[in-house]
Protein chains: 2
Amino acid sequence: MTSRTTDPGRPLRADAQRNRVRILAAAEEVFAEYGVAASTEEVAARAGVAIGTVFRHFPTKNDLLAAIMKGVLAGLVEEAATLGGDNSDGTGLFTFFARTVEQAATEKAVADLLARTGVEIQLPELLDVLGEAVHGLLRQAKAAGTVDRQVRLPEVMALLASTCQGALNGGWDAELRERTLAIIFAGLRPGAPR
Amino acid sequence: MTSRTTDPGRPLRADAQRNRVRILAAAEEVFAEYGVAASTEEVAARAGVAIGTVFRHFPTKNDLLAAIMKGVLAGLVEEAATLGGDNSDGTGLFTFFARTVEQAATEKAVADLLARTGVEIQLPELLDVLGEAVHGLLRQAKAAGTVDRQVRLPEVMALLASTCQGALNGGWDAELRERTLAIIFAGLRPGAPR
DNA sequence: TTGCAAAGTGAGTCCAGACTCATTATCTTC
DNA sequence: GAAGATAATGAGTCTGGACTCACTTTGCAA
């Protein structure tokens with residue numbers, strides 16, 4: 001167990017339940033906006049609770065961060081799964097890549113997540129889940145002939161993570177994002193000069 | 001003037017001169033190792049001076065950072081210039097790219113620089129100088145036919161910056177670095193599928 | 001309704017790191 | 001080599017942000 005969230009067996013009281021949801025929602029917004037460096041104070045304020053309440057639910061900032069990150073990851077994994085489902089044309093990987101980068105350009109939390117920045121929690125196993133989902137898309141793409149067979153998962157993940165960070169930190173606009181991704185995609189395709 | 005470094009017209013006293021050099025050397029090491037988040041205290045310790053001395057030479061941490069960044073940038077620009085000089089075969093851009101990423105994987109300061117992280121100083125004009133140097137390499141590459149004519153400078157800089165950050169944060173080993181760069185380079189080449 | 005355990009509150013603690021300044025030490029000049 | 005200017009020193013201040021806890025409030029079971 002890497003993240004603790006004060007989890008007694010007993011069910012939560014109604015107000016506690018409500019506040020927990022509010023805190024998570026606020027944290028998602030705040031971390032998306034300011035990245036993992038945002039203060040817990042800010043989260044509490046946006047959730048409309050006292051700071052002590054945040055710490056009652058999530059004993060450390062890291063625990064809160066971990067909870068949010070899990071949510072973000074789950075979203076990415078789900079998207080990958082969906083794309084894998086209805087895209088047998090092998091374009092799922094490209095679509096996933098583009099959407100994730102676009103999301104990262106807006107939500108700092110995504111980029112921070114892929115960058116493993118600031119979160120001390122052991123996310124490896126969680127990232128592995130994402131890796132597996134992306135691997136599925138990669139296999140589909142290779143099978144459909146849209147990605148070169150020599151391409152392996154690690155470099156795809158590496159490209160994904162770095163592009164997300166770059167897009168965020170560099171403040172890329174839509175056009176630059178597109179032009180940059182075009183180059184990466186071209187490099188992934190079979191028949192690219194090597 | 002964006003960076004102040006307590007610069008009276010008068011020449012520095014001998015001990016001051018010596019300490020300034022020590023501080024810069026120490027800061028370069030420390031920032032390379034820990035990134036811009038390293039403390040001024042650590043720099044002072046490594047330089048063998050009191051913290052007050054560091055602040056006498058560089059009134060704010062940011063001024064110190066700016067001085068180091070200028071040095072790092074100058075190094076990159078010089079490397080680009082050298083490569084542009086003796087590489088009319090159009091491979092200068094690729095070599096520069098690979099070396100810079102490799103350097104970033106080791107020196108956090110380089111990645112932080114390209115990421116514009118933490119340094120509040122207006123580096124744009126400095127980064128522009130680097131951009132111009134890279135533009136030279138890009139022009140050479142296009143002329144030599146090693147890079148597609150559709151490729152523009154912004155996306156090259158974007159790829160460079162993001163790859164540097166990715167390599168550092170992701171802790172890429174030499175092999176992953178190579179495999180990842182191979183994809184990007186393939187995407188840059190003329191005749192890459194688009 | 002009531003009693004108490006669960007939850008909320010927010011002022012306060014703690015700490016790290018940037019920055020200051022009165023004091024002391026060191027150059028440099030004449 | 002003395003005097004005054006320049007620089008070094010490091011304990012101390014200040015600030016922001018994580019985290020605590022004595023006390024108050026609230027939900028729920030009996």
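Lettering follows sequence order; numbering is per chain, from 1.
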Legend entry - Residue that, paired with A:Val101, satisfies side-chain contact (heavy atoms from CB on, under 4.5 Å) out of A:Leu168, A:Ile184, A:Thr163, A:Val110: A:Thr163
Legend entry - Note, B:Phe31 side chain near B:Val43 side chain (heavy atom, < 4.5 Å): yes
Legend entry - B/S/- contact track for nucleotides 23-30 of chain C, protein heavy atom under 4.0 Å: ---BSS--
Inset, instruction - Go along nucleotides 15-20 of chain C 5' to 3' and tag each nucleotide: B for a protein heavy atom under 4.0 Å from its base, S when only backbone or sugar atoms are that close, - otherwise. - result: ---SBB
Legend entry - Nearest-0.5 Å distance that lies between atom CG in A:Leu130 and atom NE2 in A:His135: 13.0 Å
Legend entry - A:Glu178 CD: over 12 foreign heavy atoms closer than 6.0 Å: no
Legend entry - Atom-to-atom span, CZ of B:Arg22 to C1' of D:dA8 - whole angstrom: 12 Å
Inset, instruction - If the plane angle is over 60° it's perpendicular, under 30° parallel, otherwise tilted; pick one for A:Phe97 and A:Phe185. - result: perpendicular
Legend entry - Distance in angstrom units between A:Leu64 CG and D:dC19 C1', rounded: 13 Å
Legend entry - For A:Ala192 against B:Ala186, the heavy-atom pair lying closest together: CB-CB, 4.0 Å
Inset, instruction - Give a yes/no on whether any side-chain N or O of A:His57 is located under 4.0 angstrom from OP1 or OP2 of C:dG8. - result: yes
Legend entry - Smallest separation among heavy atoms of B:Thr180 and B:Leu176, with atom names: OG1-O, 2.7 Å
Inset, instruction - Report yes if at least one side-chain N or O of A:Asn19 is closer than 4.0 Å to OP1 or OP2 of C:dG8; otherwise report no. - result: yes
Legend entry - Nucleic acid contacts - residues 24-35 of chain B versus DNA chain C, non-hydrogen atoms under 4.0 Å: none
Inset, instruction - Might you work through the side chain to side chain donor-acceptor pair (under 3.5 Å) test for B:Thr91 and B:Asp89, ending with a clear yes or no? - result: CA-CA 6 Å; B:Thr91 61; B:Asp89 60 352; 3.0 Å; yes
Legend entry - Salt bridge flag under 4.0 Å for residues B:Glu175 and A:Arg152: no
Legend entry - Closest non-hydrogen atom pair between A:Gly131 and A:Leu153, with its separation: O-CD2, 3.5 Å
